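See below for the structure under consideration.
Any value given below was found using the heavy atoms of this structure, including those in side chains, with hydrogens, waters and symmetry copies removed. Residue numbers begin at 1 in each chain, while the letters A, B, ... track the order of the sequences. All figures in this text were calculated on a predicted structure; none of them were measured in a lab.
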Amino acid sequence: SNDDIEKDEL
Amino acid sequence: MNIFRLAGDMTHLFSVLVLLLKIHTIKSCAGISLKTQELYALVFTTRYLDIFTDFISLYNTVMKLIFLGSSFSIVWYIRRHKIVRRSYDKDQDTFRHYFLVIPCLVLAVFINHKFTFKEVMWTFSLYLEAVAILPQLVLLQRTRNIDNLTGQYVFLLGAYRALYILNWIYRHFTEPHYVHWITWIAGVVQTLLYADFFYYYFQSWKNNEKLQLPA
């Protein structure tokens, strides 16, 4: 959803 | 992915490889804090809960597996390997886990983006990673002779954090919607903890002397 922040970092 | 992020990940990867190589080849973990290594194993476990549910990229998944695998292998070596464990100096490595784990957990419960289990655990992992190096830094200060590999390990870990900050600055300007203030604050705190170490590391390098932290 839009609430979720993208976690593309390690 | 920008160059700072890639360089940061690679330095992080090298730091872990340097440590594993030291332990595996010399069969010694002298100067390494088991407390810090256990905290990292906890950091990666709680951060990568999404490893099998959210696919980001092959790179991402592989790196996560490497960090999980290496952190648990290091802990296993220090606790269980019949030769390596003898070199572990338990009496010097006295930092209490819960002094760091409990405040981070409390902070994560109250300060997070969203109050769900996965999100709180992820936030907890960020807070804990920021301070997980403390037992190692305390141990370095107590160790009269810091061997080169241990010094390089801590240096690489610090460099990884510094590169991540450059990565965030870069992303801030190139990706307008990229706002991760919890990550940033925790990351800056984490990097600041290395400032003192960096100072003495560069001094020893400049003067061509053995690294030694003042008590």
#### Entry: B/Asp93 side chain to B/Leu34 backbone, donor-acceptor under 3.5 Å
yes

### Query
Taking C-beta and beyond as the side chain, do B/Tyr40 and B/Val75 meet within less than 4.5 Å on heavy atoms?
no

### Task
Output, in order, the C-alpha distance, side-chain angles, deciding distance and verdict of side-chain contact (heavy atoms from CB on, under 4.5 Å) for B/Leu49 and B/Trp122.
CA-CA 8 Å; B/Leu49 289 175; B/Trp122 180 80; over 6 Å; no

### Side-chain heavy atoms of B/Pro103 within contact of B/Val131, under 4.5 Å
no

### Over 12 foreign heavy atoms within 6.0 Å of CH2, B/Trp76
yes

### Query
What pairs with B/Gln92 under side-chain hydrogen bond (donor to acceptor under 3.5 Å, both in side chains), at least two apart in sequence or on another chain?
none

### Query
Contact part of B/Asp9 toward chain A, heavy-atom cut-off under 4.5 Å: side chain, backbone, both or neither?
side chain

### Summary
Within residues 13-32 of chain B, contacts to chain A at heavy-atom distances under 4.5 Å involve none

### Within 6.0 angstrom of B/Phe99 CZ, more than 12 heavy atoms from elsewhere
no

### Message
Taking atom CZ as the centre, does B/Phe110 end up with more than 12 heavy-atom neighbours from other residues, nucleotides or ligands that are less than 6.0 angstrom away?
### Response
no

#### Entry: Rounded distance (nearest 0.5 Å) linking atom CG of B/Asp54 with atom NZ of B/Lys118
4.5 Å

### Lys/Arg N to Asp/Glu carboxylate O, A/Lys7 vs B/Glu119, below 4.0 Å
yes

### Query
Can you pull out the residues in residues 150-171 of chain B with any heavy atom less than 4.5 Å from chain A?
B/Tyr164, B/Asn167, B/Trp168, B/Arg171

### Query
Using a heavy-atom distance cut-off of less than 4.5 Å, which residues of residues 62-73 of chain B contact chain A?
B/Met63, B/Lys64, B/Phe67

### Query
Within the side chain of B/His180, is there an N or O that forms a donor-acceptor pair under 3.5 Å with the backbone of B/Thr183?
no

### Query
With a 4.5 Å limit on heavy-atom distance, are the side chains of B/Met10 and B/Leu6 in contact?
yes

### Task
Determine the interplanar angle of the B/Phe44 and B/Tyr48 rings, folded into 0 to 90°, and report it as parallel if under 30°, tilted if 30 to 60°, perpendicular if over 60°.
parallel

